[in-house]
Amino acid sequence: MRIGELAERTGAPARMLRYYEQHGLIAADRSPNGYRDFPEATVERVGQIRGLLDAGVPVKIIKQILPCLDGPGQIYFPVPDPEMLAQLAEQRDRMTRKAECVLKNRDAIAAYLDRVSGTTA
DNA sequence: ATTCTTACA
DNA sequence: TGTAAGTA
């Protein structure tokens with residue numbers, strides 16, 4: 001499929017999809033006209049990439065664990081590289097801190113909503 | 001009409 | 001990310 005359709009189906013702007021391709025996160029064939037031709041599987045792949053990106057994982061890291069991404073949310077290394085494990089551990093800690101922050105704000109918003117609904121409804 | 005590349009702020 | 005130019 002072309003970039004426009006992929007953009008619609010993934011919610012990621014065409015510009016970002018080109019960006020992902022530049023960084024080797026996704027691959028595309030080229031039509032005779034020069035247009036990118038993405039495999040069907042790219043839709044799910046972009047979904048995984050966005051999940052990682054939203055979680056705060058830098059493209060640099062995603063690039064390394066991408067070939068190990070399979071089913072939704074599964075990562076595994078047949079041959080663990082000590083350097084990479086250190087990076088992943090650091091990444092895990094950042095994600096933990098971020099998750100705590102997100103939960104805190106979620107609770108704040110939830111509490112506000114409860115108050116308002118009690119006032120309005 | 002859609003996409004492509006490049007580049008600056 | 002918004003934007004613009006000049007193509008195919």
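Please read these numbers as outputs of a predicted model, since none were measured by experiment. All chains are named by letter (A, B, ...) in the order of the sequence lines, taking the proteins before the strands, and each is independently numbered beginning at 1.
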Before accepting this row, confirm whether a basic side-chain N of the pair R45(A)/E40(A) lies closer than 4.0 Å to the acidic partner's carboxylate O.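 The answer is no: the pair does not qualify as a salt bridge.
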In whole angstrom, what separates [X]'s [atom1] from [N]'s [atom2]?
| X | N | atom1 | atom2 | result |
| --- | --- | --- | --- | --- |
| R15(A) | dT3(C) | CZ | P | 10 Å |
| R18(A) | dT3(C) | CZ | C1' | 13 Å |
| Q22(A) | dA7(B) | CD | C1' | 12 Å |
| M16(A) | dG2(C) | CE | C1' | 11 Å |
| E21(A) | dC4(B) | CD | C1' | 11 Å |
| Y19(A) | dT6(B) | OH | C1' | 16 Å |

Below 4.0 angstrom, which residues in residues 26-41 of chain A have at least one non-hydrogen atom near DNA chain C?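 Heavy-atom cutoff 4.0 Å gives Y35(A).
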For DNA chain C, write out the stems as range with range, using runs of 3 or more consecutive Watson-Crick or G-U pairs with both distances under 3.5 Å.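 Ordered by first number, the stems with DNA chain C (at least 3 consecutive pairs each) read B:4-8 with C:2-6.
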Quick check: closest heavy atoms across F38(A) and R2(A), and the distance to 0.1 Å?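 Minimum heavy-atom separation between F38(A) and R2(A): CD1-C, 4.2 Å.
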Minimum-distance pair of heavy atoms, taken over all atoms of L53(A) and V57(A):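 Shortest heavy-atom separation between L53(A) and V57(A) comes out as CD1-O, 3.3 Å.
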Side chain to side chain contact (heavy atoms under 4.5 Å, CB included) partners for [X], two or more places apart:
| X | answer |
| --- | --- |
| P58(A) | I61(A), Q91(A) |
| R50(A) | A12(A), Y20(A), V46(A), D54(A) |
| S117(A) | none |

Under 3.5 Å, which donor-acceptor pairs link side chains of residues 92-106 of chain A to any protein atom two or more places apart or in another chain?
residue : atom : partner : partner atom : Å
R94(A)  : NH2  : E90(A)  : OE2          : 2.6
T96(A)  : OG1  : R92(A)  : O            : 2.9

So do the side chains of R18(A) and I3(A) get within less than 4.5 Å of each other, counting heavy atoms only?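 They are in side-chain contact.
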